[in-house]
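First comes the structure, then the notes that go with it.
Everything numeric here is computed off the predicted structure, so don't read it as measured data.
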Amino acid sequence: VWVTGIAEGEARQITNDANASLAADVPSVSYYFPNLSSDGRMVAYRRDKGTPVPDGMQYEIGLWVYDLDAGESKLVYDQTPAGFDWKPGTHLLAYGLGVQAGYFTARGQVDETLASGILAINLDSGDSAELVKPERGYALYGPVWSPDGRFLSFDELIYMEGRGNFAYYDFEAQKYIAWDKAIGLYDWSPDSSFLAFDYMTYTATGNERIFLRSREGTEETQLSPDTPGYAYYPAISPSGNRVAYLSGNSVDSPMFIITVQ
């Protein structure tokens, strides 16, 4: 994991043990999904360590946080995190717990007693708490904070593959709101009043489009045109009046263009 100061043009390496070794007696170490706190002090990331054993590999996966000021790392969660995100303006890190063994009882059916919520740790105080309970009986994963820190969105894990149904928690109103539908990649508007999203809930079909929907409403507006190809991965501008997204002519083509509307 590296941190680069754009103004200074300097790169700082904060992990030093990454190793893609294939040797039978040397562990492999990889890092994924670096996420920087809004003040630029803390970096959260996933660390995977694979140790060769007689019948394959034994993995140790955890969620870590590196304090750039102190130059120290801390293990936050010693299992595979199901997504993680910093609350804006704080050192509060929200993260999902993944799926417990036996959670899926059949395709589209789950054991509600094994559903897990969204947890969080305050890196300033060290306190941990459950932020959102699995009120509807589904395991929650992929937490994403709204820009104002009032809302935390996530997926309800219903199927063994693909995206789950979209939902979010309103901390001011202390209310869990579910859309009862799956969406793909999405982005919150700067004022947290609406979202831009696609419907790429699994793999691309070639028919994906970009849509807008208010946080509280049910009506959605198609943004990207019905042209040949598909559109996905929306990003709303800081002013909230533009949306950028990727588009391609074919699911088999590696070439994409960036469009701004």
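- In this structure, Arg136 pairs ionically with Asp180, as a charged nitrogen and a carboxylate oxygen lie closer than 4.0 Å.
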Show, in sequence, the C-alpha distance, side-chain angles and deciding distance for Trp145 and Thr90, and conclude whether the side chain to side chain contact (heavy atoms under 4.5 Å, CB included) test is met. CA-CA 11 Å; Trp145 286 101; Thr90 75; over 6 Å; no

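- Between Tyr176 and Tyr169, the ring planes are perpendicular. Angles over 60° get that label, and only those under 30° would be called parallel.
- There is a path of hydrophobic side-chain contacts, each under 4.5 Å, that joins Leu119 to Phe84.
- Among residue pairs with one or both ends in residues 69-92, those qualifying as salt bridge (Lys or Arg N to Asp or Glu O under 4.0 Å) are Arg41-Asp69; sequence neighbours excluded.
- If you check the side chains of Ser146 and Tyr168, you find no donor sitting under 3.5 Å from an acceptor.
- Taking every heavy atom of both residues into account, Arg209 and Thr227 meet most closely at NH2-O, 3.1 Å.
- In terms of heavy-atom proximity, Gln261 sits nearest to Leu223 at NE2-O, 3.1 Å.
- Side-chain heavy atoms closer than 4.5 Å link hydrophobic residues (I, L, V, M, F, W, Y) into clusters, and following such links, even through other members, never connects Trp64 to Leu123.
- Distance check, rounded to the nearest 0.5 Å: CH2 of Trp86 to CG of Leu93 gives 4.5 Å.
- If you take CZ on Phe154 and OH on Tyr138, they are separated by 13.0 Å, rounding to the nearest 0.5 Å.
- With hydrogens and angles disregarded, no donor-acceptor distance shorter than 3.5 Å links the side chain of Glu135 to the backbone of Gly137.
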Evaluate the criterion ring pair (Phe, Tyr, Trp, His ring centres under 6.0 Å) for residue pair Phe211 and Tyr199; output intermediate values, then yes/no. CA-CA 9 Å; Phe211 295 87; Tyr199 275 114; 5.3 Å; yes

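- Tracing side-chain contacts under 4.5 Å through hydrophobic residues (I, L, V, M, F, W, Y), one never reaches Tyr202 starting from Ile183; they form parts of separate clusters.
- A distance-only check finds a donor-acceptor pair linking the side chain of Asp198 to the backbone of Leu185 [under 3.5 Å].
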